[in-house]
Student: 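I have a structure I would like to understand better, so I am pasting it below and will then ask my questions one at a time.
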There are 2 protein chains.
Amino acid sequence: MEHGHQHGHSIERELECVSQVPIFQSLAEEQLLSVAQVTRPIHAVRGGAVFNAGEVSQTLYIVNTGQVRLYHLSAEGKEQVLRVLNPGDFVGEIALFTDEIHGSYAEATMTTELCTISRESLTNLISRMPPLSMHLLGALADRLKAAERQATLMAIPDALPRLAGYLQVLSHDQSGVVDLPMSKQDLAAYLGMTPESLSRKLHQLVSDGVIETIGRRQIKVLAVNDLAALAPQ
Amino acid sequence: MEHGHQHGHSIERELECVSQVPIFQSLAEEQLLSVAQVTRPIHAVRGGAVFNAGEVSQTLYIVNTGQVRLYHLSAEGKEQVLRVLNPGDFVGEIALFTDEIHGSYAEATMTTELCTISRESLTNLISRMPPLSMHLLGALADRLKAAERQATLMAIPDALPRLAGYLQVLSHDQSGVVDLPMSKQDLAAYLGMTPESLSRKLHQLVSDGVIETIGRRQIKVLAVNDLAALAPQ
DNA sequence: CGTTCTCTTGAATATGCTCAAAGATGGTGG
DNA sequence: CCACCATCTTTGAGCATATTCAAGAGAACG
């Protein structure tokens with residue numbers, strides 16, 4: 001029965017993880033410590049499972065370093081990528097409010113450090129630190145916006161505008177050179193097309209001078225305007 | 001400069017609206033009054049605009065009675081339905097945290113009563129009533145879950161599983177008989193297909209004995225198992 | 001350096017879209 | 001109250017697009 005982290009080892013690691021996370025960023029040093037104290041670190045190797053679909057969860061998972069891939073498994077055994085978690089991103093917020101089983105698998109794509117907070121601890125933290133709830137609400141609102149954009153993007157029957165819309169969002173964050181957050185076959189599933197179609201559409205964009213491929217996981221956007229013209233809205 | 005609602009008229013209407021809303025439901029009578037006091041009612045007729053895309057918003061809109069349709073307008077002028085707000089549903093939460101313009105149009109599909117709360121008032125309320133933030137978080141988490149499910153559903157290239165998945169979600173809530181929340185042509189846009197395809201796929205489900213149509217806006221699910229078999233997961 | 005996985009390329013097929021028109025439905029005004 | 005009109009929905013046929021199936025090229029990994 002381990003109830004805390006007062007086993008002599010410092011909570012340095014927990015503190016580092018917590019302080020990296022945007023939703024905790026504006027907290028005072030003292031409050032960060034409170035958060036760190038209820039945090040449990042998790043280590044996952046490449047290909048390792050963070051959690052599996054069907055498992056009951058009452059935990060918030062926050063990625064510190066590395067990357068986690070969330071995906072569904074279709075009836076035919078195909079993987080449908082839901083989302084990719086990069087440092088600062090989190091998952092499990094739904095389980096914090098409704099007693100539910102995980103709808104997806106979570107797998108580390110590289111060596112990954114996460115920190116976890118139990119539902120009980122988080123609700124405690126929120127009641128003690130009101131600003132925290134505002135940050136959480138903001139983060140959820142952002143995710144919601146992204147998810148709704150994704151849903152409307154997917155409703156487009158043609159593959160090219162879907163791809164263009166996706167690249168457009170990515171290129172907003174970074175300037176020019178876009179790092180693809182997943183493999184091409186995962187990206188294809190994410191965009192609702194086959195790897196073959198993705199390959200062809202990418203090739204088309206390259207031929208048209210809109211983009212340039214750098215290696216296997218980078219794309220350089222040459223003509224932002226053309227991309228916007230192809231994307232919806 | 002109207003600063004409040006103490007103009008002698010009762011806040012009965014505001015109170016009624018507020019008390020209908022799930023996120024406020026568990027509040028005490030006294031707290032409900034506080035909420036009602038910062039609420040402004042809005043009336044919209046069929047076809048009337050609640051707000052338009054491009055407008056700046058710092059307001060939360062909550063539907064009391066009636067229905068509001070949220071939609072995008074594509075470059076070709078086609079309407080892409082994002083979501084339909086029924087009594088108790090709300091929109092505008094994103095604008096509460098990030099200064100942003102509306103990404104969609106909001107139009108009443110019938111005579112509709114809404115109540116609105118400004119960003120300033122809501123943040124005030126939250127700081128004064130901590131449980132409120134938990135309810136908001138819960139509501140956002142639910143919406144997020146629905147949006148992510150929608151996004152993965154849309155990523156399926158075949159129309160039939162998309163439709164089946166959608167009907168499956170609806171039939172979970174109600175038992176057997178499903179009320180369609182929008183017209184067939186809107187539903188088609190929402191599901192990422194043409195009205196023609198939707199009509200054909202519905203006909204196919206009827207032929208297969210999976211569903212039965214009741215009038216224009218109701219569907220009776222006869223074989224839940226068959227529906228689940230057609231839907232993904 | 002070879003093995004394995006990912007990605008690309010090529011053809012045939014199938015599915016949904018577009019265009020066109022007819023059939024329902026519901027609301028409105030005479 | 002009924003007929004008319006606008007709108008929504010359905011049905012049909014040809015066409016465009018993406019998928020499927022198959023095989024080859026290219027990276028990444030041990």
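To find a chain, count down the sequence lines: A is the first, B the second, and so on, and within it residues start at 1.
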Student: Can you measure from CD (Glu107(B)) to CG (Leu70(B)) and round to the nearest 0.5 angstrom?
Tutor: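 Answer for the CD-CG pair, Glu107(B) versus Leu70(B), is 10.5 Å.
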Student: I want to know whether Tyr190(B) and Tyr166(B) have ring centres closer than 6.0 Å.
Tutor: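 Yes, close enough.
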Student: Just verifying a value: how many Å separate Thr59(B) OG1 and Leu114(B) CG, rounded to the nearest 0.5 Å?
Tutor: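 Atom-to-atom, Thr59(B):OG1 and Leu114(B):CG are 11.5 Å apart.
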Student: Quick one, which residues of residues 148-162 of chain B touch DNA chain C with a heavy atom under 4.0 Å?
Tutor: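 Those residues are Asp158(B), Ala159(B).
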Student: Give the first and the last nucleotide of DNA chain C, reading 5' to 3', that has any atom under 4.0 Å from a heavy atom of chain A.
Tutor: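 Contacts span dT6(C) to dA11(C), reading 5' to 3'.
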Student: Indicate, with a heavy-atom threshold strictly under 4.0 Å, whether Ser183(A) touches base, sugar-phosphate, or nothing.
Tutor: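 Sugar-phosphate, backbone atoms only, no base.
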Student: State whether Asp186(B) and Arg69(B) are salt-bridged, where the test is any N-O pair (Lys NZ or Arg NE/NH1/NH2 against Asp/Glu carboxylate O) under 4.0 Å.
Tutor: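 A salt bridge links Asp186(B) with Arg69(B).
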Student: Can you tell me how far apart OG1 (Thr65(B)) and NE2 (His43(B)) are? Round to the nearest 0.5 Å.
Tutor: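 If I round to the nearest 0.5 Å, the distance is 8.5 Å.
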Student: Quick one: which of Leu15(A), Thr116(A), Ile117(A) gives a side-chain contact (heavy atoms from CB on, under 4.5 Å) with Thr39(A)?
Tutor: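 With Thr39(A) as partner, Leu15(A), Thr116(A), Ile117(A) yield a single side-chain contact (heavy atoms from CB on, under 4.5 Å), made by Ile117(A).
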Student: How about Tyr61(A) and Phe51(A): are their ring centroids closer than 6.0 Å?
Tutor: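 Yes: the rings meet the under 6.0 Å criterion.
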Student: Should Glu148(A) and Arg83(B) count as an ion pair when the cut-off is N to O under 4.0 Å?
Tutor: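 Yes, Glu148(A) and Arg83(B) are salt-bridged.
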Student: For nucleotides 21-30 of chain D, give me one character per nucleotide, 5' to 3': B if any protein heavy atom sits under 4.0 Å from the base, S if the only such contacts are to the sugar-phosphate, - if neither.
Tutor: BB----S---
Student: Could you check Asn86(B), Thr112(B), Thr111(B) and say which one makes a side chain to side chain donor-acceptor pair (under 3.5 Å) with Gln67(B)?
Tutor: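 Passing option: Asn86(B).
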